[in-house]
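Notes for the one structure printed next.
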Amino acid sequence: MTDPVTLDGEGQIGEFDEKRAENAVRELLIAVGEDPDREGLRETPARVARAYKEIFAGLWQKPEDVLTTTFDLGHDEMVLVKDIEVLSSCEHHLVPFVGVAHVGYIPSVEGKITGLSKLARLVDVYARRPQVQERLTTQIADSLMEILEPRGVIVVVECEHMCMSMRGVRKVGAKTITSAVRGQLRDPATRNEAMSLIMAR
Ligand SMILES: Nc1nc2c(ncn2[C@@H]2O[C@H](COP(=O)(O)OP(=O)(O)OP(=O)(O)O)[C@@H](O)[C@H]2O)c(=O)[nH]1
Ligand SMILES: [Zn+2]
């Protein structure tokens with residue numbers, strides 16, 4: 001496992017404690033009136049603990065771990081990857097929110113770019129944590145700005161939150177759209193160009 005990551009304003013976090021997670025799931029099953037020792041549930045606490053280790057794997061990754069491959073291609077026009085799958089977890093209810101992210105940037109004057117897949121990996125680093133959609137969007141944009149030093153970044157995230165559909169207000173299909181725009185992409189003409197590419201189906 002890589003070193004624990006210091007999360008913005010949230011202090012140092014420890015390593016994933018699988019045994020503790022397992023005990024917590026067992027307790028939860030008892031709390032809802034289930035019998036964690038019945039045959040179908042016997043392995044469930046261990047399975048759920050392993051699942052959470054995977055679902056929150058981004059807690060032990062840093063953006064610079066995935067934005068490793070950079071090239072100086074001299075390409076100085078916008079690069080945009082659309083419809084990157086987002087599978088994240090709402091930090092309020094620990095249920096999924098799912099959808100897509102669109103990530104675009106205008107490379108630095110030297111044309112420093114990264115591999116296209118690295119943008120999708122970056123989305124995963126931040127999605128695989130207890131999250132809110134606004135922070136996910138901001139973190140993707142700010143880490144790109146910091147590491148690639150591009151002239152501008154645009155990140156648009158569209159997700160459906162299961163905490164709004166499977167419980168609570170129970171509105172299936174409502175989509176939340178968040179954006180973070182940095183640098184030259186704040187210029188209205190450039191921003192509009194990016195948005196029309198993002199919205200084109
Ligand atoms: N801004 C924002 N809110 C979120 C996100 N995910 C979940 N929420 C909201 O977080 C809020 C938590 O509100 P609370 O009133 O503390 O919790 P609750 O009683 O479970 O709220 P309800 O969902 O309305 O039943 C809810 O309105 C959720 O819809 C997110 O990514 N961003
Ligand atoms: Zn929620």
Side-chain angles (χ1 to χ4, degrees), residues 4-13 16-17 20-34 44-45 47-63 66-67 80-105 119-147 153-182 185-186 191 194-195 198-199:
V5 179
T6 305
L7 299 173
D8 292 346
E10 292 174 27
Q12 190 84 2
I13 57 158
F16 186 85
D17 187 336
R20 198 165 188 170
E22 198 175 319
N23 290 339
V25 176
R26 187 181 160 82
E27 282 303 308
L28 184 63
L29 286 169
I30 295 168
V32 301
E34 263 290 2
T44 296
R47 272 193 215 105
V48 175
R50 286 196 302 274
Y52 269 103
K53 190 173 182 179
E54 202 176 323
I55 290 164
F56 293 148
L59 287 168
W60 295 279
Q61 292 179 313
K62 300 181 217 145
V66 297
L67 286 180
L80 175 69
V81 180
K82 269 175 64 161
D83 295 328
I84 301 167
E85 183 179 66
V86 171
L87 294 163
S88 191
S89 306
C90 151
E91 71 179 16
H92 301 132
H93 301 92
L94 297 186
V95 293
F97 63 92
V98 299
V100 289
H102 316 290
V103 180
Y105 66 101
L119 299 177
R121 289 186 187 280
L122 179 65
V123 170
D124 273 351
V125 166
Y126 288 116
R128 291 182 168 274
R129 298 177 179 193
Q131 268 293 11
V132 292
Q133 190 176 319
E134 293 90 332
R135 191 199 303 128
L136 170 66
T137 311
T138 304
Q139 286 177 328
I140 296 167
D142 288 342
S143 59
L144 263 179
M145 282 301 283
E146 203 177 307
I147 297 167
V153 162
I154 184 163
V155 179
V156 178
V157 179
E158 305 175 39
C159 284
E160 180 172 356
H161 289 245
M162 296 304 145
C163 66
M164 278 183 68
S165 49
M166 69 189 286
R167 57 154 300 285
V169 73
R170 296 198 191 182
K171 296 294 181 201
V172 175
K175 270 196 181 158
T176 303
I177 303 183
T178 46
S179 66
V181 188
R182 305 283 183 266
L185 271 150
R186 284 181 189 265
R191 184 186 182 133
M195 285 309 289
I198 287 169
M199 293 305 164

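This chain uses plain numbering: 1 for the first residue, then up along the sequence. Side-chain atoms are counted along with the backbone in the values below, which use heavy atoms only and exclude waters and symmetry mates. Order of listing sets the numbers, starting from 1, for every ligand and every atom in it.
Looking at H93, its N, O or S atom nearest to the Zn ion (ligand 2) turns out to be ND1.
For ligand 1, the atoms lying closer than 4.0 Å to a non-hydrogen atom of C90 are 6 (N), 7 (C). Taking every non-hydrogen atom of C163 and a distance limit under 4.0 Å, the qualifying atoms of ligand 1 come out as 7 (C). Near Q133, the atoms of ligand 1 lying under 4.0 angstrom from a non-hydrogen atom of the residue are 30 (C), 31 (O).
Within the 4.0 Å heavy-atom shell around ligand 1 one does not find R135.
Considering every non-hydrogen atom in both K82 and H102, the closest pair reads CA-ND1, 3.6 Å. Heavy atoms only, all atoms of each residue included: T137 and A180 are closest at CG2-N, 3.6 Å.
With 3.5 Å as the limit, one finds a donor-acceptor pair spanning the side chains of Q133 and T178.
Heavy atoms of H93 found under 4.0 angstrom from ligand 1 belong exclusively to the side chain. If you look at H92 next to ligand 1, the close heavy atoms, those under 4.0 Å, all belong to the side chain. By the criterion of a heavy-atom distance under 4.0 Å, the side chain of E134, and not its backbone, is placed next to ligand 1.
Under the 4.0 angstrom criterion, atom 31 (O) of ligand 1 counts as having a protein heavy-atom contact. Contact annotation for atom 27 (O) of ligand 1: protein absent (non-hydrogen atoms, distance under 4.0 Å). Inside a 4.0 Å radius of atom 10 (O) of ligand 1 there is at least one protein heavy atom. For atom 1 (N) of ligand 1, the nearest protein heavy atom lies closer than 4.0 Å.
R47 places none of its side-chain heavy atoms less than 4.5 Å from the side chain of V25. Side-chain contact between C163 and H92 is absent, with no heavy-atom pair separated by less than 4.5 Å. Counting heavy atoms from C-beta on, the side chains of Q61 and R128 never come closer than 4.5 Å. Taking 4.5 Å as the limit, every side-chain heavy atom of Y126 sits out of range of all side-chain heavy atoms of S88. The side-chain heavy atoms of F16 and W60, taken from C-beta on, include a pair separated by under 4.5 Å.
More than 12 heavy atoms of other residues, nucleotides or ligands lie within 6.0 Å of CD in E34, so this atom counts as buried by the packing criterion.
Residue side and main chain included, H161 places no N/O/S atom under 2.8 Å of the Zn ion (ligand 2).
Annotation: angle subtended at the Zn ion (ligand 2) by C163 SG and C90 SG is 130°, to 10°.
With respect to V103, the side-chain contact (heavy atoms from CB on, under 4.5 Å) criterion is satisfied by exactly one of V156, V157, L119: L119.
The shortest contact between atom 29 (O) of ligand 1 and any protein heavy atom is with M164 CG, 4.0 Å. The shortest contact between atom 6 (N) of ligand 1 and any protein heavy atom is with H161 ND1, 3.4 Å.
Between H161 and F97, the ring-plane angle classifies as parallel under the 30° and 60° cut-offs.
For the pair R167 and ligand 1, the shortest N or O to N or O distance falls below 3.5 Å.
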